[in-house]
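Worksheet for the structure shown next.
First the proteins, then the strands, lettered A, B, ... as listed; each starts at 1.
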There are 2 protein chains.
Amino acid sequence: MIKISKKSQYGLRAMVCLAKHYRKKEVCSTKLISEIEGIPFDFLEKIISQLERAKLVKGKKGVQGGYILSMPPKKISVNDVVSVLEENKKPVNCALCARIKKCSAKNVWSKLNDSLNKTLNSIKLSDLIK
Amino acid sequence: MIKISKKSQYGLRAMVCLAKHYRKKEVCSTKLISEIEGIPFDFLEKIISQLERAKLVKGKKGVQGGYILSMPPKKISVNDVVSVLEENKKPVNCALCARIKKCSAKNVWSKLNDSLNKTLNSIKLSDLIK
DNA sequence: GATAAGCCCGACAAGATTAGTCGGTTTTTT
DNA sequence: AAAAAACCGACTAATCTTGTCGGGCTTATC
């Protein structure tokens, strides 16, 4: 039914990692994150650059470069992160629901979606650093 | 991130269809359901037999046979249906979470899981027939 | 100003999963 | 007996996930 992709899992963990570095205002390199979190480097790079295009993180090029959150951890929710990484992916993409007003299950999926969003919006990166 | 499989979508719609027939105590054939709901017949057969093995529906063989809910629609939740069809599938199957007590994201996924279960448990088949 | 670290980008590929098909057997009503 | 329908397992096509790879661009440091 429901599966959180590795991409989202990795992405969130990377963001938490960046959140931890945020107070020092230091950038953190992809390499370091991948080592700390045990995430395949090449894959992580791809994930982070997606987060960058979405303006959730800022990159600094060159030696001693890396990434830093573009907002304080308090301002970034899990939903912000996950919805970027799972763009154009809705819980249900049902042709029938689109066509028929009264698909019996339609309400179910929209309620599900709401509760999902509510839950993920309520958790901020700041909640995840201890 | 999250996707409701066609299997679950079809399965739920089939169950709602059966719920509508339930008060007449009549069985309803796979063929009929597939026509009403526009679900590929062979695929539906597979789905329903999975629901049968889970004792959510009962089959009656032979001419004029078909399926009927094994409980009143009020007693069957969307979660009952979906969790059968998505057996052994958890939101997150994270090796890290299993190993490390304090994976930063662990809490997120378990909260997510709780809220999804709660939502899906609260909706019964009886709520979906109008 | 050369070098190396690191960001940035797109194409590719293996593996897993989903969605669906098919052929056949058994049971039961007519 | 014939037909309708449940029941079963093996197979396949397509899609999605999870990476990998090769290279180009930018910048701090020697």
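For the helix from C/dG1-D/dC30 to C/dT30-D/dA1, the axis fitted to the five pairs at one end and the axis fitted to the five pairs at the other end meet at an angle of 10° (nearest 10 degrees).
At least one side-chain heavy atom of A/Leu12 sits less than 4.5 Å from a side-chain heavy atom of A/Leu125.
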Using residues 17-27 of chain B as the side-chain source, report each donor-acceptor pair under 3.5 Å to any protein atom, sequence neighbours left out, with the distance given to one decimal.
unit_1: B/His21; atom_1: ND1; unit_2: B/Cys17; atom_2: O; d: 3.1
unit_1: B/Tyr22; atom_1: OH; unit_2: B/Lys25; atom_2: NZ; d: 3.4

Could you pull out all donor-acceptor pairs under 3.5 Å where a side-chain atom in residues 53-64 of chain B meets a protein atom, sequence neighbours excluded?
none

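Between the CG atom of B/Asp42 and the C1' atom of D/dT12 there is a distance of 13 Å, rounded to whole Å.
Sorted by first and then second residue, the ring pair (Phe, Tyr, Trp, His ring centres under 6.0 Å) pairs involving residues 59-79 of chain A (not counting sequence neighbours) form an empty list.
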All N/O pairs under 3.5 Å across the protein-nucleotides 1-7 of chain D interface:
unit_1: D/dA6; atom_1: OP1; unit_2: B/Thr30; atom_2: N; d: 2.9
unit_1: D/dA6; atom_1: OP1; unit_2: B/Thr30; atom_2: OG1; d: 3.2
unit_1: D/dA6; atom_1: OP2; unit_2: B/Thr30; atom_2: OG1; d: 3.3
unit_1: D/dC7; atom_1: OP1; unit_2: B/Glu52; atom_2: OE2; d: 3.0
unit_1: D/dC7; atom_1: OP2; unit_2: B/Glu52; atom_2: OE1; d: 3.2
unit_1: D/dC7; atom_1: OP2; unit_2: B/Glu52; atom_2: OE2; d: 3.4
unit_1: D/dC7; atom_1: OP2; unit_2: B/Tyr67; atom_2: OH; d: 2.7
unit_1: D/dC7; atom_1: N4; unit_2: B/Glu45; atom_2: OE1; d: 3.4
unit_1: D/dC7; atom_1: N4; unit_2: B/Glu45; atom_2: OE2; d: 3.1

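For a distance-only test at 3.5 Å, the side chain of B/Lys6 fails to qualify as a donor-acceptor partner of the base of C/dG20.
Applying the side chain to side chain contact (heavy atoms under 4.5 Å, CB included) test to A/Lys31 and every residue at least two apart in sequence or in another chain returns A/Ser29, A/Glu35, A/Phe41. Residues forming a side chain to side chain donor-acceptor pair (under 3.5 Å) with B/Ser34 (at least two apart in sequence, or on another chain): none. Residues that satisfy the side chain to side chain donor-acceptor pair (under 3.5 Å) test with B/Asp80, not counting sequence neighbours, are B/Ser77. Under the rule for a side chain to side chain contact (heavy atoms under 4.5 Å, CB included), the partners of B/Lys74 that lie at least two apart in sequence or sit in another chain are B/Ser126. Every residue meeting the side chain to side chain contact (heavy atoms under 4.5 Å, CB included) condition with A/Asn107, not counting sequence neighbours, appears here in chain and number order: A/Ser110, B/Lys130. Among residues two or more places apart in sequence or in another chain, the ring-ring contact (aromatic ring centres under 6.0 Å, His included) test is passed with A/Phe43 by A/Tyr10.
Applying a 4.0 Å cut-off to non-hydrogen atoms, none of the residues of residues 18-26 of chain B approaches DNA chain C.
For A/Tyr10, a side-chain nitrogen or oxygen approaches OP1 or OP2 of D/dG19 to under 4.0 Å.
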